[in-house]
Amino acid sequence: MEWPLHHAHPWDLPEDQARAVQQHLRHYVRAEPLAWQQVRWVGGVDVSVRGDQLRAGIVVYDCAQGRVVDRAAAEGPEPIPYKPGFLSFREIPRILDALPRLHRRPEVLLVDGHGIAHPRHMGIAAHLGVLLDWPTVGVAKSPLVGHFARPLKPERGDAVPVLWRGQTLGMAVRTRTDVKPVWVSIGHRVTLPDAVALVLRCSRYRLPEPIRAAHRWAAQWGVFDVPDGEDETADERG
DNA sequence: GCGACAG
DNA sequence: ATCTTGTCGC
């Protein structure tokens with residue numbers, strides 16, 4: 001399955017050039033409505049680390065059936081060490097390796113990490129979205145920049161704007177009562193309210209099901225194929 | 001200058 | 001991210 005790249009660029013860049021790439025790409029982010037009520041196939045993207053190796057795991061979660069219907073993975077050496085603000089340069093290359101191995105095209109991708117809630121508005125979800133020109137949402141487990149507009153209520157469903165330098169960059173969302181919130185921000189081609197609604201719709205626990213599944217799948221080293229009999233034949237018979 | 005800092 | 005047992009609570 002093809003995933004054409006837009007605004008492609010090198011990945012092995014010194015920090016100042018990586019920063020320049022981010023400053024450039026931020027201008028291509030678009031906020032568009034996404035009919036989240038009608039979305040059926042939601043992608044989950046995550047990367048796991050083992051020693052000096054990275055493994056990207058991508059799943060396609062069928063909201064109608066409530067299960068994973070496709071998955072793909074890719075492994076490779078650690079490109080650069082982790083540096084706050086430059087996560088995408090470390091993880092996206094492996095994600096791009098895994099994507100073409102999918103059989104099913106997700107309508108939107110939920111990415112483990114921030115979208116535009118980033119010092120230069122170029123968190124991993126925004127970066128991936130612009131490269132693919134495909135809808136993406138960032139779902140992070142901890143903040144990178146910004147502060148709450150008001151305290152967050154303990155009940156599932158509450159959400160507060162995350163403000164930074166006079167702008168709303170995302171929302172802290174309580175996906176489960178009495179559990180630490182997640183930080184949701186747009187990646188590309190979605191609006192913030194739609195992103196929050198979608199995240200809530202596919203969350204049973206703290207993290208959305210597609211990301212939970214991608215997390216488990218990314219940690220399953222050495223396997224790259226789809227789960228047996230889960231997708232190919234059904235896809236061909238449409 | 002100092003502290004903070006997704007995964 | 002990863003290294004890791006038990007433990008508290010629904």
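Below, read A as the first sequence line, B as the second, and so on, with proteins coming before strands; counting in each chain starts at 1. Source: prediction; values computed, not measured.
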Identify whether NZ of Lys or CZ of Arg in [X] sits under 6.0 Å from the centre of the six-membered ring of [Y] and within 45° of that ring's axis.
{"X": "A/R55", "Y": "A/F224", "result": "yes"}
{"X": "A/R105", "Y": "A/W3", "result": "yes"}
{"X": "A/R201", "Y": "A/W36", "result": "no"}

Per-nt protein contacts along nucleotides 4-10 of chain C (heavy atom under 4.0 Å; B base, S backbone sugar-phosphate only, - none) come out as -------
Under 4.0 Å protein heavy-atom contacts per nucleotide of nucleotides 2-7 of chain B, with B for base, S for backbone only and - for none
---BBB
Integer-rounded Å distance: C/dT2 C1' and A/E78 CD:
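Spelled out: CD on A/E78 to C1' on C/dT2 is 12 Å.
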Can you tell me the distance, in whole Å, between the CZ atom of A/R216 and the C1' atom of C/dA1?
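That distance rounds to 18 Å.
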Sole residue of A/T191, A/V190, A/V196 in side chain to side chain contact (heavy atoms under 4.5 Å, CB included) with A/P193:
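The passing option is A/T191.
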Charged N-O contact under 4.0 Å between A/D112 and A/K141
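Salt bridge present between A/D112 and A/K141.
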So that I know where these two stand, are A/F89 and A/H9 an aromatic pair - ring centroids less than 6.0 Å apart?
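Close enough - the centres of the two rings lie under 6.0 Å apart.
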Do the ring centers of A/W11 and A/H127 come within less than 6.0 Å of each other?
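Yes, close enough.
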Would A/V49 end up clustered with A/V111 when hydrophobic side chains under 4.5 Å apart are linked, directly or stepwise?
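Hydrophobic grouping puts A/V49 with A/V111.
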